[in-house]
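By convention in this document, chain letters (A, B, ...) are assigned in the order of the sequence lines, proteins followed by strands, and residues within each chain are numbered from 1.
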Amino acid sequence: MKVTSLKGTRDFDPLQVCRRNFIIDNIKEVFCQFGFVPIQTPAMEHLDVLLGKYGTEGDQLVFKIINSGDFLSKCSSEDFTNGSRSVLPKITKKGLRYDLTVPFARYVVNHQHELYFPFKRYQIQPVWRADRPQKGRYQEFYQCDADVIGTESSICETEIIWMISEVFKKLGITDYQILINNRKLLAAIAEKLGMADHLQTLCVAIDKLDKIGQQKVLEELSDKGFSTASLEILQPILDLTKGTKDHWEFLKAYLVDIDSAQKGFEELQEIMDNLAALKLDKVPLKFDPLLARGLNYYTGPIFEVQILNSKVGSVSGGGRYDNLTEVFGLKGISGVGFSFGMDRLYDAMDELNLFPVLNANNTTVLIVNFGLEGHMERLQQLQLLRNYNINAELYPDATKPKKQLTYANKKQIPWVVFIGEHELQQQVALVKNMKNGTQEEVKLSQLPTYFDERARKLD
RNA sequence: GUGAUUGUAGCUCAGUUGGUUAGAGCGCUGGUUUGUGGCACCAGAGGUCGCGGGUUCGAGUCCCGUCUUUCACCCCA
């Protein structure tokens, strides 16, 4: 029997959970402050809901769940000779969610008559991807999504950038960069090349530019059917990474003859004007005409956030999608949202030493167990302390005090209380301060107030 | 899916050209302290060397397979 956790998944110890909650709590606080309400959706969805939304690469990474019962009964021997491509659709109809945006779109369509628009929701849940694990990449990880659906207002995009800066301020992350682009501009470039129907291919190739270099990108596009003439038109875009030209001004001139591009520029301009009015123009926002993003449901502005000086990849990303609810049967509703990758934020904060000192243990008082003699009195004292909202424990076994003290020490419990035979005769408790080792006798009747006063000073 | 890489005590790791009884630190248990933690000292427990096969008189060490870990690519949070 295997007794390890599955590959790409992890166990979290008390301190790790504490730190993860620290991140989640801060994110929640900001989401609430901006008017988002929480929802949750099931881990599993119909495969039809999931597939076809993430691009071919993404679809392959969706975990599929095998049907219950005699799942092979619907397969013919012909299916088996044709291989898994024929068998798979017949034996699996469910999958684990790959992100939170697509299940949310399904939720909106499902509950459209109960919802009011614009609908602002946040959702913090795990998602699963059948990826090869590596640094900052897991098969199970948490996303923290905030989306607004039912409005095209650029206030939403502005608020996304605003929220990112607020969250990072709370977490103490200072060196980061928010990249922004607009899918409409990428579409305009494709149109200028005469390859409007190959937008996806163009996006994927352009996105790799800083990794694999110009030559490889050109080869890839040429392989996928881009003509030499079209690649010559593309060349100035690829040269942008080398030069020091102002990307914004350059692209405006480059796309001046493409009508559809103007909307793309206007949308981004509005966002930047809003940020300037909020005096948020110090937020490290950078226009990156080569930012593409892989998920193919985006249609408007797109973002990606990187933490500088960290080996972890992007920690947040998002964008506007106009047609996501349409595939589920609800037309004309535009949505925009983004997501924090909690696990990557954790890794980056750990790497950069940004976590405050956190203690997973909350016990304030440990009562030493002396066995049968005085047992009921100690139980009653425990109850009294808890009634005063003092976190207290009675050590469960009557082992040696030494062992019980060691337990208190490991758990960083600040006070240990001895109520033994001698103390009971006097109706007192011997209270030991574990930080400095001092001890004093306190009347049993005054024990709760004694800790009530002191516990407050600790906070 | 492609290419590397890792696996030895609860944890982190040593282990020489293949050679007798596989080691250390931390942790754990007990003691110095029969009602007092952290520090120190002393003692002890704990290992199918990932799993399966092969080569050899002999394998933790070499070979093959397999699983696993980590990393890069693809893609992404």
Side-chain angles (χ1 to χ4, degrees), chain A residues 1-10 13 23 27 54-62 84 97-101 124-145 200 203-205 207-208 211-212 216 220 291-296 298 302-307 310-318 338-348 366-371 373-374 395 398-424 429-439:
Chain A
M1 188 174 56
K2 288 260 177 217
V3 289
T4 53
S5 72
L6 238 33
K7 103 172 147 188
T9 67
R10 296 139 307 146
D13 64 29
I23 296 175
I27 290 174
Y54 307 112
T56 47
E57 298 277 353
D59 284 359
Q60 283 169 8
L61 299 179
V62 172
S84 51
R97 63 168 169 251
Y98 176 92
D99 72 355
L100 300 176
T101 308
I124 300 176
Q125 289 191 280
V127 302
W128 294 269
R129 296 185 186 178
D131 230 353
R132 278 270 180 94
Q134 57 183 278
K135 190 159 200 78
R137 171 173 309 191
Y138 308 100
Q139 294 204 340
E140 179 183 65
F141 61 98
Y142 269 72
Q143 289 197 326
C144 311
D145 266 45
Q200 189 65 22
C203 284
V204 170
D207 199 43
K208 293 181 205 167
K211 285 176 190 159
I212 64 174
K216 289 265 172 69
E220 182 170 328
L291 175 71
R293 297 191 56 72
L295 305 181
N296 63 11
Y298 294 121
I302 47 180
F303 331 87
E304 197 162 301
V305 183
Q306 293 159 350
I307 295 180
S310 160
K311 287 176 190 160
V312 182
S314 56
V315 294
S316 177
F338 78 114
S339 172
F340 285 110
M342 203 268 289
D343 303 78
R344 284 191 175 177
L345 277 175
Y346 183 103
D347 289 347
L366 176 76
I367 302 175
V368 174
N369 190 326
F370 285 115
E373 185 95 17
Y395 196 86
T399 54
K400 289 181 196 169
K402 182 186 170 93
K403 192 171 176 181
Q404 302 189 35
L405 275 263
T406 305
Y407 173 81
N409 199 46
K410 288 242 163 86
K411 237 177 148 175
Q412 299 181 51
I413 298 173
W415 284 287
V416 173
V417 169
F418 297 81
I419 309 171
E421 199 180 346
H422 172 72
E423 287 81 9
L424 277 171
L430 184 61
V431 176
K432 175 161 182 145
N433 181 326
M434 293 295 280
K435 285 202 181 106
N436 55 27
T438 58
Q439 309 191 149

(Q) Before you tell me yes or no, could you show the steps for A/Tyr54 and A/Asp99 under side-chain contact (heavy atoms from CB on, under 4.5 Å), namely the whole-Å CA-CA distance, both residues' side-chain angles and the distance that decides it to 0.1 Å? (A) CA-CA 9 Å; A/Tyr54 307 112; A/Asp99 72 355; 2.7 Å; yes
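Only the C1' atoms considered, B/G44 is 14 Å distant from B/G27, to the nearest whole Å. Taking atom P in both B/U6 and B/C75, one finds a spacing of 28 Å when rounded to whole Å.
Side-chain N or O atoms of A/Arg97 include one that pairs as donor or acceptor with a backbone N or O of A/Pro126 at under 3.5 Å. A/Asn369 places a side-chain N or O within donor-acceptor distance of the main-chain N or O of A/Gly371, the cut-off being under 3.5 Å. For the pair A/Gln404 (side chain) and A/Thr399 (backbone), a donor-acceptor distance under 3.5 Å is present.
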Protein-nucleotides 70-72 of chain B N/O pairs under 3.5 Å:
| residue | atom | partner | partner atom | Å |
| --- | --- | --- | --- | --- |
| B/C71 | OP2 | A/Lys135 | N | 3.0 |
| B/A72 | OP2 | A/Gln134 | OE1 | 2.8 |

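Contacts of A/Gln439 with the nucleic acid, taken as non-hydrogen atoms under 4.0 Å apart, include base atoms. A/Phe370 comes within contact range of at least one nucleobase, with a heavy-atom separation under 4.0 Å. Within the 4.0 angstrom heavy-atom criterion, base atoms lie near A/Leu430. Within the nucleic acid shown, A/Arg129 comes within 4.0 Å of at least one base atom, counting heavy atoms only. Note on A/Glu423: a base of the nucleic acid sits closer than 4.0 angstrom, heavy atoms only. Across all strands shown, A/Ser314 has heavy atoms under 4.0 Å from sugar-phosphate atoms exclusively, and none from any base. Counting any heavy atom pair closer than 4.0 Å across all strands shown, A/Gln404 reaches no nucleic acid atom. Using a 4.0 Å heavy-atom criterion, one finds that A/Gly437 contacts the bases of the nucleic acid, with or without backbone contacts as well.
Rounding to whole angstrom units, CG of residue A/Asn409 and C1' of B/G27 are separated by 15 Å. If you measure from atom NZ of A/Lys403 to atom P of B/G35, you get 16 Å, rounded to the nearest angstrom. In this structure, NZ of A/Lys410 is placed 10 Å from P of B/C39, rounded to the nearest angstrom. If you take CG of A/Asn436 and P of B/G37, they are 15 Å apart, rounded to a whole angstrom. Remark: P of B/G1 and CD of A/Gln139 are 11 Å apart, rounded to the nearest angstrom. Remark: P of B/C75 and CD of A/Glu304 are 12 Å apart, rounded to the nearest angstrom.
Contact annotation: A/Lys400 reaches the phosphate of B/G31 (side-chain N/O to OP1 or OP2, under 4.0 Å). Phosphate proximity of B/C76 to A/Arg344: absent, as no side-chain N or O sits under 4.0 Å from OP1 or OP2.
Checking B/C26 for Watson-Crick or G-U wobble geometry (two distances, each under 3.5 Å) identifies B/G10 as its partner. Across all strands shown, B/U32 is found opposite B/A40 as a Watson-Crick or G-U wobble partner, with both distances under 3.5 Å. Across all strands shown, B/U69 remains unpaired; no Watson-Crick or G-U wobble contact has both distances below 3.5 Å.
Counting atom types as modelled, A/Lys432 pairs a side-chain N or O with a base atom of B/G37 as donor and acceptor under 3.5 Å. Put simply, the side chain of A/Lys402 and the base of B/U36 share no donor and acceptor less than 3.5 Å apart.
Contact annotation: the side chain of A/Asp145 never approaches that of A/Gln125 to less than 4.5 Å [non-hydrogen atoms, C-beta and beyond]. Two residues are said to be in side-chain contact when any heavy atoms from C-beta on lie closer than 4.5 Å; A/Ser316 and A/Phe340 meet this criterion. For the pair A/Met342/A/Phe141, no side-chain contact is recorded, criterion being any heavy-atom separation below 4.5 Å from C-beta on.
Evaluation of A/Phe340 against the base of B/A77 yields no stacking contact (centre distance < 5.5 Å, interplanar angle < 30° required).
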